[in-house]
Amino acid sequence: MLTSSPRGTTDILPEEARRWQWMEAVARSLCARYGYEEIRTPAFEHTELFERGVGDATDIVEKEMYTFLDRSQRSLTLRPEGTAGVVRAYLQARLYSQPQPIKLYYIGPMFRYGRPQSGRLRQFHQFGVEAFGSEAADLDAEVITLAGDFFQSLGLTGLELHLNSVGCADCRPGYRQELVQYLTPRVGELCETCRSRYERNPLRILDCKNEACQSLSVGAPKVTSFLCPKCAAHLRAVENHLRASGMAYVLDPFLVRGLDYYTSTAFEIMLPGEAGGSIGGGGRYDKLVEVCGGPPTPAVGFAVGLERTLLAMKQQGLTPAPSRGPLVFVAVAAPEARAAAWEVLCALRRAGLNADKDFLSRSLKAQMKYADRLGARLAVILGPEEIAGGWVTVRDLQHGIQDRVNRDELIGYLQQFLPDKQVENK
RNA sequence: GUGGGUGUAGCUCAGUUGGUUAGAGCGCCAGGUUGUGGCCCUGGAGGUCGCGGGUUCAACUCCCUUCACCCACCCCA
């Protein structure tokens, strides 16, 4: 118990953390390119924010939240998703009084209580963006292309973008009615959960994976044919922009996202195949800011699951971020040389070189072996001879050759081995 | 929340119809004489056999409980 992390949590050990750093760096530089700035919001919020924002009829709020009372009996909840907190911050900081749109991104842990399984943890991580203050369709398209570029930059292929419109306050009720009418004589054929959805959120039935429900859905009236002129035009405009950007997509009239706040544009990025899951999704939520007590403010955003992204990369054999050991390892040939070696090590580090040493009083032989294991490129060896002569032995561990170098020329000599920046970023 | 699978050294695993000092490979540490890595050889350290209980003369091996992990469902990221 003391030696295992809580269920559904995991440590990201150095080898894995290298991949994360790389992936996050890709996300950050992409956001900079698109003009999105980072926002960091708290990992927990007032419970009401999620009940109101995410929707209290959603599964997330009904059974997946980490909710607790703090010492003064306030009900707080570990954020199950990122949008609600960002919306709250947008209002709290009155960002609506700045030039719109406000374009933000976040990377951080989210929490959902459920049975862990592959690509699903209780603490997981999302990268997401939110753009507030414009209802322009090209903003939807920008957000979607940003998501697409993210996966492309990582080298992922074969992803499918599913696009739909779930309508707005004007047209959704009409469609809903139509759908219910269609379903009413067939309620009996629905799966158990869908029978309760029939009452509370019939649109979600379209999204059910159950075969019986799916075959019913096929014959059901499609949202897209009930969209009001505004929503229909918006969807067409988004499509046009996507086409112009060269981004492939499939219209999926059955796509209904699980969060209540979506209006009009909804999309999901799927990874077809064995895992077959979605690794990201988003859409428009033009009513959410208002629902949270702010001025009417249209917005679009998406979130991608980082663990799932990493999983997909592994499936596709993409293994970035090779381990990079120190450039130089400082070894001593005899205990008397330790003080001098320490000085050399400090000087190398001050000069900006990655350098390391042994901390277990190992023999020279063992130090060399250790240097090799660390992946050091060079070994600087100091012993009585070197100290007496004011020089140092530099061994190239890659080629197995070594050289004498004067101590005051050492840094300049080593710098020629610095990996160039391209390699550094890999 | 529902269903199924698994749980032996740091890692991957073996362990005979329950039988007495629980093994291998890799890894780790140390040696293979005189200041040097990657190969090879030798030696060493390291295990509450997930936890608790039960059956038995005897359990890593059988039974129960519990915990954890994995997989599927639900749902989603």
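Per chain, numbering begins at 1; letters A, B, ... match sequence-line order.
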Open item on the list: Measuring from the side chain of Arg112(A) (C-beta onward, heavy atoms only), which nucleotide among rA72(B), rU36(B), rA77(B) has the closest atom?
Closed with: rA77(B)
Open item on the list: If we check side-chain contact (heavy atoms from CB on, under 4.5 Å) with Arg362(A), which of these qualifies: Gln367(A), Met368(A), Lys369(A)?
Closed with: Gln367(A)
- [ ] Compute the centroid of each ring, for Phe127(A) and then for Tyr106(A), and state whether the two points are separated by less than 6.0 Å.
- [x] no
- [ ] Inspect the contact between Glu307(A) and Arg120(A) and indicate whether a charged nitrogen and a carboxylate oxygen are less than 4.0 angstrom apart.
- [x] no
Task: For atom CD of Gln367(A) and atom C1' of rU36(B), their distance in whole Å - done: 9 Å
TODO: Establish, with yes or no, whether the OP1 or OP2 oxygen of rC76(B) is under 4.0 angstrom from a side-chain nitrogen or oxygen of Ser278(A).
DONE: no
Open item on the list: Quick test of your reading of the model: are Asp396(A) and Arg377(A) salt-bridged, counting only N-O distances below 4.0 Å?
Closed with: yes
Open item on the list: Without decimals, in angstroms, what is the distance between Tyr262(A) OH and rC76(B) C1'?
Closed with: 11 Å
Task: Residues Glu16(A) and Lys314(A) bridged, charged N to O under 4.0 Å - done: yes
Task: Nearest-Å distance once atom P is located in both rC69(B) and rU12(B) - done: 16 Å
TODO: Return the 5'-most residue of the pair Ile401(A), Arg308(A) with respect to RNA chain B, ranking by each residue's nearest nucleotide.
DONE: Ile401(A)
TODO: Specify the separation, in whole Å, of atom CG of Leu364(A) and atom C1' of rU36(B).
DONE: 4 Å
- [ ] Determine the interatomic distance between P on rA68(B) and the same-named atom on rC63(B); round to the nearest Å.
- [x] 22 Å
- [ ] With C1' as the reference atom in both, quote the distance from rC57(B) to rA14(B) in angstrom, rounded to an integer.
- [x] 28 Å
- [ ] Would you indicate what Thr309(A) reaches in the nucleic acid, counting non-hydrogen atoms under 4.0 angstrom: base, sugar-phosphate, or nothing?
- [x] nothing
Task: Sugar-phosphate only, base, or nothing, as touched by Gly8(A) at under 4.0 Å among non-hydrogen atoms - done: sugar-phosphate
Task: Atom P, compared across rC49(B) and rA59(B): separation rounded to whole Å - done: 12 Å
Open item on the list: Given 3.5 Å as the limit, does a donor-acceptor pair link the side chain of Arg395(A) with the main chain of Ala379(A), or not?
Closed with: no
Open item on the list: Once you apply a heavy-atom cut-off of 4.0 Å, does Ile279(A) come out as touching a base, just sugar-phosphate, or nothing?
Closed with: sugar-phosphate
Task: Glu386(A) vs Ser361(A), nearer the 5' end of RNA chain B by closest nucleotide - done: Ser361(A)
- [ ] Would you kindly check if the NZ (Lys) or CZ (Arg) of Arg284(A) is within the cone defined by 45 degrees around the ring axis of Tyr262(A) and under 6.0 Å from the six-membered ring centre?
- [x] no
Open item on the list: Dot-bracket, 5' to 3', for RNA chain B please: Watson-Crick or G-U pairs under 3.5 Å, [ ] where pairs cross earlier ones, | where the partner sits on another strand, dots elsewhere.
Closed with: (((((((..((((.....[...)))).(((((.......))))).....(.(((..]....))).))))))))....
- [ ] Describe the nucleic acid contact of Leu306(A) in one word from base, sugar-phosphate, nothing, applying a heavy-atom distance below 4.0 Å.
- [x] nothing
- [ ] Please state how far atom CD in Glu307(A) lies from atom P in rC70(B), giving the value in whole angstrom units.
- [x] 12 Å
TODO: Between rG47(B) and rC40(B), how far apart are the P atoms? Round to whole Å, please.
DONE: 27 Å
Open item on the list: Using atom C1' in both nucleotides, what's the gap between rA72(B) and rA30(B) to the nearest angstrom?
Closed with: 49 Å
- [ ] Would you indicate, yes or no, if rC69(B) has its OP1 or OP2 atom less than 4.0 angstrom from a side-chain nitrogen or oxygen of Arg7(A)?
- [x] yes
- [ ] Answer yes or no for Lys103(A) and Tyr105(A): cation-pi contact, defined as NZ/CZ to six-membered ring centre under 6.0 Å and angle to ring axis within 45°.
- [x] no
Open item on the list: Using whole Å, what does the distance between atom C1' of nucleotide rC76(B) and atom CD of Glu268(A) come to?
Closed with: 8 Å
- [ ] Measure from the ring centre of Tyr370(A) to the centre of the six-membered ring in the base of rG37(B), then say whether that distance is under 5.5 Å and the planes meet at under 30°.
- [x] no
- [ ] Please measure how far the C1' atom in rG50(B) lies from the corresponding atom in rG5(B), and state the result in whole Å.
- [x] 16 Å
- [ ] In whole angstrom, give the distance that lies between atom NZ of Lys357(A) and atom P of rG37(B).
- [x] 20 Å
Task: Pairwise P distance for rG3(B) and rA9(B), with rounding to whole Å - done: 30 Å
TODO: Answer yes when Arg407(A) and Glu343(A) have at least one side-chain N-carboxylate O distance shorter than 4.0 Å, and no when they do not.
DONE: yes
Open item on the list: Is it the case that the ring center of Tyr370(A) lies less than 6.0 angstrom away from the ring center of Phe329(A)?
Closed with: yes
Task: Euclidean distance, atom CZ of residue Arg362(A) to atom C1' of rG31(B) [Å, nearest integer] - done: 15 Å
Open item on the list: Against the six-membered ring of Tyr113(A), is Arg122(A) placed for a cation-pi contact (under 6.0 Å from the centre, within 45° of the normal)?
Closed with: yes
- [ ] For Phe329(A) and rU36(B), give me the distance from atom CZ to atom P, rounded to whole Å.
- [x] 15 Å
Task: Arg349(A)/Asp356(A) ion pair, N-O < 4.0 Å - done: yes
TODO: Return yes if the base of rG3(B) and the side-chain atoms of Arg115(A) contain a donor-acceptor N/O pair under 3.5 Å, otherwise no.
DONE: yes
Open item on the list: Check the phosphate of rA72(B) against Gln117(A), side-chain N and O only, distance under 4.0 Å to OP1 or OP2. Yes or no?
Closed with: yes
Open item on the list: Return a single string for nucleotides 38-46 of chain B, one symbol per nucleotide in 5' to 3' order, where B is base contact, S is sugar-phosphate-only contact and - is none, cutoff 4.0 angstrom on heavy atoms.
Closed with: B--------
